[in-house]
Amino acid sequence: MSKKSYDTSHERPAVPPDVERTLASLDPEEARELALAWAIASLADENAPSDRAVEAAWNRFAGAMTDATAREGEGTAHRQRRSHDATRRSGRKPERRVRSVYRLGWLAACVAAAAIAALLLWPRTITVTAPSGELVAASLPDGSEVQLAPASTLSYRRGFRGEARRIELSGEAYFDVVSAERPFRVVTFNATISVLGTAFSVRARPDDATPATRVAVASGNVEVNRRGATAEGVRLKPGQMSEVRGSDAATAPRDVSMDAELAWRSGGFARFEQPLSVVLADVERRFGVRIETRPSDLDESLTSLISVYLPQAEDAETVLRDICSVVGCRYEETPAGFVVQVE
Amino acid sequence: MNDITPSTLTEWTRGFNRSDRSAVAELFRAMYPRLLRYAKRLTGSDATAEDVVQDAFLRLWKMRETLDPGRSIKSLLYVMVRNLALNVPKRAHDELGTEMEGPAMSPLEDMQTEMLADHIRTWIDALPTRRQEAFHLSRFEDLSYAEIAQVMDVSVRTVENHIRLALQHLRDRLREYEPSLLER
């Protein structure tokens, strides 16, 4: 190697600022060696846990966090007495206070925080609504994700308090559920869907012509049951669907195309074997438009059921064009929305 | 590893204040791997380390409304992991390295590197316990001297001494092992 003299600080591996200050106070040759030792020591770095292991740990923690939040309402009186201690501790000078929190006091601080949280987290219902023409995505308290179709509403108790993670749904939604020990339950006007951790869609529109709750599963296992039923429900595997019509038991599992079931999530539009009025009501919700059907006293028992599947549906007109080519109707755009004239 | 800036930490702390689970998830995912390694060092057991880190996060969650965004949530987590780990009865180094699902070890392209890595681990383990810990936090957890001082409840000066002495120790061992490693 070259013998020329040089400023050693530029000839050694970089170290963090703090360590640099330590090295700067030493003889340059020793600083160079220690910087090398620092760099070489990186070999001893342990493998980080895999993403999967981190996710598993997060799921475990998310469950514990939910349980802890649910328990915050209990034993308040006991905790308040203890929190008095913590308040007394905090009467010291600010610096001291922080040190004490960092040492022993933080345990007392936890307890005090739990008591405060118990008061603030009094059971409350959270409601999420997607208006007509809009998709809404929401995160639930356990980390599960939900996507709401236009004109849909869901509600749950703040922090998912209670023995199950319970969601009430009116409308249509896709759930991606974080697995945890507490069951995840979607309750509609006539059905209950129970899962542990999975992804599935639910359609429950009581104002449909034949009101039903339709459940389709993307991954995992789901149990569908009539609301209030005590017997076991129908178990669905990925790619299967079941319906609860009125107060009947859930229908037997049937294979479905998940692409079509979930078309609404990615800008598509799909309805299968439905009366015209149901499909048109969906178009109204989806695009936030008004559609008038003529004749107004159309007897639907005379028209056949229709199926529409558009992987991409930019606007109401695209869907109406498709429907009318099947049904044999004419549509016209008006200032108020559309008029569909059935021949 | 260095991507956690103080402002990110402050944001996460505010997220905790609001009981915002997505902030909690981000903090968890960012800090879990490092805290797990630290806990493993302190407890000598994978399973215990996992429990300790879970417990630390849970305690943090329970005190979420009183967390001060002006204080480092990172140091606080290390302090909690440390306190919890040191209160677990230390079992013999059971099941060490069994449950860690690390990425599969790269094929030993360089056997010598692997051997050297093993030596370095042995040399670090030969340091006095407190020095080992300070060095580990500095070298592998990217904690600043001030943060280490807070976690270990010692002065910054002491931390600096630990780091210098640890590096000198490693340098001496490296020189014995393979002098060419330290040559220009």
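All figures in this text were calculated on a predicted structure; none of them were measured in a lab. Chain identifiers are assigned alphabetically (A, B, ...) following the order of the sequence lines, protein sequences preceding nucleic acid strands; residue numbering begins at 1 within each chain.
- For P17(A), no part lies near chain B; criterion is any non-hydrogen pair under 4.5 Å.
- Side chain to side chain, Q150(B) and Y78(B) fail the donor-acceptor criterion of an N or O pair below 3.5 Å.
- In this model, no donor atom of one side chain and acceptor atom of the other lie less than 3.5 Å apart for T10(B) and S7(B).
- Taking the centre of each ring, Y177(B) and H119(B) come in below the 6.0 Å mark.
- Only the side chain of L26(A) comes within contact range of chain B, with at least one heavy atom under 4.5 Å from a heavy atom of that chain.
- Taking the six-membered ring where tryptophan is involved, the planes of F28(B) and F57(B) are tilted, since the angle between them lies from 30° to 60°.
- Neither the backbone nor the side chain of A31(A) comes within contact range of chain B, judged by heavy atoms closer than 4.5 Å.
- Of the listed residues (R164(B), H136(B), R139(B)), the one with the most heavy-atom contacts under 4.5 Å to chain A is R139(B).
- Contact tally against chain B (heavy-atom pairs below 4.5 Å) for S139(A), P16(A), S42(A), G143(A): the top residue is S42(A).
- Using a 4.5 Å cut-off between heavy atoms, V24(B) touches chain A through backbone and side chain atoms alike.
- Listed options L67(B), L182(B), L170(B) were ranked by heavy-atom pairs under 4.5 angstrom with chain A; first place goes to L182(B).
- With a 4.5 Å cut-off on non-hydrogen atoms, T22(A) touches chain B through its backbone and its side chain both.
- With a 4.5 angstrom heavy-atom cutoff, V19(A) touches chain B via backbone and side-chain atoms both.
- Figure legend: cation-pi geometry between R265(A) and Y174(A), with NZ or CZ positioned under 6.0 Å from the six-membered ring centre and within 45° of its axis.
- Both the backbone and the side chain of S144(B) come within contact range of chain A, judged by heavy atoms closer than 4.5 Å.
- When side chains are defined from C-beta on, R29(B) counts as touching E55(A), because their heavy atoms get closer than 4.5 Å.
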Taking only distance into account, with no hydrogens and no angle test, what donor-acceptor pairs under 3.5 Å do side-chain atoms of residues 57-66 of chain A form with protein atoms, sequence neighbours excluded?
unit_1	atom_1	unit_2	atom_2	d
R60(A)	NH1	D51(B)	OD1	3.4
R60(A)	NH2	D51(B)	OD1	2.8
T66(A)	OG1	A62(A)	O	2.8
T66(A)	OG1	R21(B)	NH1	3.0

